[in-house]
Number of protein chains: 2
Amino acid sequence: MTSTTAALPRVLERDPEATRANILDIATEEFAEKGFSGARVDDIAARTNTSKRMIYYYFGDKEGLFVAVIERAYAGIRHIEANLSLDHLGPEQALRTLVGFTFDYQNANESFIRLVMVENIHRGVHLARSGNIAELNVPAIATLRDIYRRGRAAGVFRDGIDEIDLHMTISALCFFNVANRATFSRIFQRDMESPQALARRREIVIDTILRYVKQ
Amino acid sequence: MTSTTAALPRVLERDPEATRANILDIATEEFAEKGFSGARVDDIAARTNTSKRMIYYYFGDKEGLFVAVIERAYAGIRHIEANLSLDHLGPEQALRTLVGFTFDYQNANESFIRLVMVENIHRGVHLARSGNIAELNVPAIATLRDIYRRGRAAGVFRDGIDEIDLHMTISALCFFNVANRATFSRIFQRDMESPQALARRREIVIDTILRYVKQ
DNA sequence: GCTATAACTAACCGTTTAGTACATAACCCG
DNA sequence: CGGGTTATGTACTAAACGGTTAGTTATAGC
């Protein structure tokens, strides 16, 4: 045993990008799990590979950290949605696929959904503080608009539907299954998480949307 | 001017029921506005006609207060839903009315919706602590089941729809308009609160449900 | 009217929490 | 290789927070 009288000269690996990302990863989990007020900066710091000091160094304060978490979470979907190509499918099949994808994505990314819930409890003030909110709507609506236009041209979709309304309906149906799982499944004593329950619900959501747009 | 050397003998009106109700009213607002962790017992106490000590006297701790708030909020809808009589209407008109009522009620009771969101962030643990959750589902589903049965008998509704699935769809569509208003309206730069916007959305929700159930 | 108890007040307390002061080591550029 | 800048660790603090202690007053039942 070497008796160390002084502290060992720790090998410090400096990697700002990794440090930032590490903090954001942990903070995302904590905020999603406990909300903005419920999350503890000390707890986040403890779970990172770095210290609380670094959180304040990079993000200023707790709110700045939360804004960064929200921004990154939204950037995540935007990125994925943008890469979803449905051009090779007929309009009906494309819409089915888009709705199914939305349903699957939201169910697979519970923490994103929970962050959106938390942000809505805060009336969207943090999202407002973030610069590029407007860009968020572009890909989702553009995809939907294209599918709808093709469907109308082919005579399979009816007239007079607004794409944002349609997107809202899709979002509402997919979102609920994750966001209100806890209370709904408790009150109605119904499983909403098993693969079977998800598959069942997924079909109903797709069916609901298609019955709404079809002639 | 009477120089009061001793404290004035305050006229104390003792009214336990009113005190309890007063605390619950204020606590409902605070929890709905700031969530469970964000709400402050001191702030709630300051806004009541009574003191912080009374909160602990009646509700034990902050969590006990929140459970009481949640229970009372759910009891509110249950009571109203139970008194909604739709028997005199034909099945299609009855369903239209039920969906419209749900939409209106949720939009008029934002704080209830927000409490449900908060409770879902907490994964429903407080609702679980409450005794009579099972009763909550009875009236809503019973009403829906009756309408659906009549509609099928009359040949206007199609076969094979589960009432709980249908209720979930109705809830999802109505809930979203209140719960996700902040983020959705910001991202898509669309008003979701004006009477016109509400009326428009209300029609879409009703239409969506009817297209889903009709032959 | 007396008394037990339910309803109530004010001041206080220990802990937790977001945020900081200060020191120092690694890195980059000349 | 030296010096300024970026990145990091340790230890601390003031305020906020949930909860409590100790006592007081109204009221109902005898």
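Throughout, protein chains are lettered first and strands after them, A, B, ... in sequence-line order, and every chain is numbered starting at 1. Side chains included, hydrogens not; waters and symmetry mates left out as well; all remaining heavy atoms used.
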Within the pair [X] and [N], is there a side-chain N or O less than 4.0 Å away from OP1 or OP2?
X: B/T19; N: C/dA7; answer: no
X: A/S51; N: D/dT10; answer: no
X: A/R40; N: C/dA18; answer: yes

Distance in angstrom units between [X] [atom1] and [N] [atom2], rounded:
X: B/E30; N: D/dC17; atom1: CD; atom2: C1'; answer: 14 Å
X: B/F31; N: D/dG18; atom1: CZ; atom2: P; answer: 9 Å
X: B/I55; N: C/dT9; atom1: CD1; atom2: P; answer: 12 Å
X: A/N49; N: D/dG9; atom1: CG; atom2: C1'; answer: 14 Å
X: A/M54; N: D/dT8; atom1: CE; atom2: C1'; answer: 4 Å
X: B/Y57; N: D/dT25; atom1: OH; atom2: P; answer: 17 Å
X: B/K52; N: D/dA22; atom1: NZ; atom2: P; answer: 17 Å
X: B/R20; N: C/dC8; atom1: CZ; atom2: P; answer: 12 Å

**Study point:** Spatial distance of atom CD1 (A/I187) from atom OH (B/Y74) [nearest 0.5 Å]
**Key:**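 So the gap between those two atoms works out to 4.0 Å.
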
Point to revise | Polar side chain donor-acceptor pair, B/N22 to B/T48, under 3.5 angstrom | key: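 No, B/T48 and B/N22 have no side-chain donor paired with an acceptor closer than 3.5 Å.
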
Practice item. Check every strand shown and say whether A/A39 touches a base, only sugar-phosphate, or nothing at a heavy-atom separation below 4.0 Å. Key: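 Contact class for A/A39: sugar-phosphate only.
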
**Study point:** Sugar-phosphate only, base, or nothing, as touched by A/Y58 at under 4.0 Å among non-hydrogen atoms
**Key:**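 It contacts sugar-phosphate atoms only.
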
Practice item. Give me the ring orientation class for B/F36 and B/H126: parallel if the planes are under 30° apart, tilted from 30 to 60°, perpendicular past 60°. Key: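 Tilted, since the angle between the ring planes falls between 30° and 60°.
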
Among [options], which is the nearest nucleotide to the side chain of [X]?
X: B/Y56; options: D/dT8, C/dA18, D/dG18; value: D/dG18
X: B/V41; options: C/dA7, C/dT9, D/dG18; value: D/dG18
X: B/K62; options: C/dA7, D/dT21, D/dG19; value: D/dG19

Practice item. Find which nucleotide of DNA chain C each of B/R53 and A/D42 is nearest to by heavy atoms, and output the residue with the more 5' nucleotide. Key: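 The answer here is B/R53.
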
Practice item. Please lay out, stage by stage, how A/R202 and A/T102 fare under the test side chain to side chain donor-acceptor pair (under 3.5 Å). Key: CA-CA 10 Å; A/R202 193 186 130 111; A/T102 305; over 6 Å; no

Exercise for review: Please check if the distance between the ring centroids of B/Y212 and A/Y212 is under 6.0 Å.
Suggested key: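 That pair fails the under 6.0 Å test.
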
